[in-house]
Protein chains: 2
Amino acid sequence: MKLTDTEWQVMNVLWERYPATARGISERLPKEINWAYTTIKTLLARLTEKGAVKESKKGNTSLYEPVLTRQQARRVALKSLANQAFDGAFGPLMHFLLEDQKLSKSQRQQLLEIVQNDTKKGKQK
Amino acid sequence: MKLTDTEWQVMNVLWERYPATARGISERLPKEINWAYTTIKTLLARLTEKGAVKESKKGNTSLYEPVLTRQQARRVALKSLANQAFDGAFGPLMHFLLEDQKLSKSQRQQLLEIVQNDTKKGKQK
DNA sequence: GGTATTCTACTACATTTGTAGAAGTTGTCA
DNA sequence: TGACAACTTCTACAAATGTAGTAGAATACC
């Protein structure tokens, strides 16, 4: 289940806290985003349609909660990126991340640290 | 410059060998893709429009070559994914790749190896 | 030179995505 | 009980995307 750009915005707030009302989501979206209330409703309707969120009525008001998990969404997005841009494999993607010269020294340093930690963990298992 | 799914398909063949004609691209697209010749022309026109490829005439026939490099395209795609799904940072993305339990043992093993090699290289610099 | 082939340019058209207005419904408070 | 506020559902609509047809121009082959 692939999400569109705007759907990610909505899901990102929803994953942070749910169940949530459309109004609540509206309030918790990043300030740069100035969507009309109905825009959010539309997106929530589409997401419900797709089965990525579940809607339940509490009186007149709808409560929404994610069905698709953040992890699942990330997996799909990464897989799709890998397919498109890295010949389907995560290896080359990983390579690219580690070697892209456009990363600043400190960004690279950070990645390496993360990786070293995760690598240790990986070995332990 | 963000590419759409279909544009990636075209660019992927074009990066492999260029300059190329629309016909040539048509022939080198993965067999599962069965686009009409004009579909490819349309995509090339859009890509030219966007400035991702350059078109030059050789007699009656157009030759195409990439302006956008694969690296640039990858960078944009990764950055956009990071923004959408990982709060803008590559670190969490990297984490996710290394830890996602949905990867098979061997996939994970492979990633770790890559990381170990790259990490060494990274340190040397 | 005439006919088949191959290109190109232009147009088309359904679907998806981004964004929102309008109008009806319900809850609430004076 | 009436008016306002907050919700909801429906509808809208332009731009982007996926996919291709048509017709005319250039080329090539006999």
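Every chain is numbered from 1 and lettered A, B, ... according to where its sequence line falls, protein lines coming before strand lines.
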Apart from Met11(A) itself, members of its ILVMFWY cluster (side-chain separation under 4.5 Å) are Met1(A), Leu3(A), Trp8(A), Val10(A), Val13(A), Leu14(A), Trp15(A), Tyr18(A), Ile25(A), Leu29(A), Ile33(A), Trp35(A), Ile40(A), Leu43(A), Leu44(A), Leu47(A), Val53(A), Tyr64(A), Leu68(A)
When rounded to whole Å, the OH to C1' distance for the pair Tyr37(B) and dA9(C) reads 11 Å
N/O-N/O pairs, protein side and nucleotides 18-20 of chain C side, under 3.5 Å:
{"unit_1": "dG18(C)", "atom_1": "OP2", "unit_2": "Thr4(A)", "atom_2": "OG1", "d": "2.7"}
{"unit_1": "dG18(C)", "atom_1": "OP2", "unit_2": "Thr6(A)", "atom_2": "OG1", "d": "2.5"}
{"unit_1": "dG18(C)", "atom_1": "N7", "unit_2": "Arg46(A)", "atom_2": "NH1", "d": "2.9"}
{"unit_1": "dG18(C)", "atom_1": "N7", "unit_2": "Arg46(A)", "atom_2": "NH2", "d": "3.4"}
{"unit_1": "dG18(C)", "atom_1": "O6", "unit_2": "Arg46(A)", "atom_2": "NH2", "d": "3.1"}
{"unit_1": "dT19(C)", "atom_1": "OP2", "unit_2": "Trp35(A)", "atom_2": "NE1", "d": "3.3"}
{"unit_1": "dT19(C)", "atom_1": "O4", "unit_2": "Arg46(A)", "atom_2": "NH2", "d": "3.3"}
{"unit_1": "dA20(C)", "atom_1": "OP2", "unit_2": "Ala36(A)", "atom_2": "N", "d": "3.2"}
{"unit_1": "dA20(C)", "atom_1": "OP2", "unit_2": "Thr39(A)", "atom_2": "OG1", "d": "3.3"}
{"unit_1": "dA20(C)", "atom_1": "N6", "unit_2": "Thr42(A)", "atom_2": "OG1", "d": "2.7"}

Note: chain B reaches DNA chain D at heavy-atom distances under 4.0 Å over the stretch, first to last nt, 5' to 3', of dT17(D) to dT27(D)
Output for pair (Leu97(A) CG, Glu99(A) CD), nearest 0.5 Å, gives 10.5 Å
Rounded to the nearest 0.5 Å, the CZ atom of Arg75(A) sits from the OG1 atom of Thr69(A) at a distance of 6.5 Å
- Is any NZ, NE, NH1 or NH2 atom of the basic residue among Asp5(B) and Lys2(A) found under 4.0 Å from an Asp or Glu carboxylate oxygen of the other? yes
CD of Gln109(B) to CD1 of Ile114(B), rounded to nearest 0.5 Å, is 10.5 Å
Rounded to whole Å, NZ of Lys50(A) lies from P of dT15(C) at a distance of 17 Å
Between the CZ atom in Arg74(B) and the CG atom in Asp100(A), the distance rounded to the nearest 0.5 Å is 10.0 Å
Rounding to 0.5 Å, atoms CD (Glu113(A)) and CE (Met94(B)) come to a distance of 12.0 Å
Practice item. Scan Lys41(A) against the nucleic acid and name what it touches under 4.0 Å (heavy atoms): base, sugar-phosphate only, or nothing. Key: base
Hits for side-chain contact (heavy atoms from CB on, under 4.5 Å) against Lys31(A), two or more places apart or cross-chain, chain-then-number order -> none
Rounded to whole Å, CD of Glu49(A) lies from P of dT15(C) at a distance of 14 Å
Within residues 56-87 of chain A, those residues having any heavy atom closer than 4.0 Å to DNA chain D are Lys57(A), Asn60(A), Thr61(A), Ser62(A)
Value for CD (Glu55(A)) from NZ (Lys41(A)), rounded to nearest 0.5 Å, stands at 5.5 Å
Applying side-chain hydrogen bond (donor to acceptor under 3.5 Å, both in side chains) to Thr21(A) and not counting sequence neighbours gives none
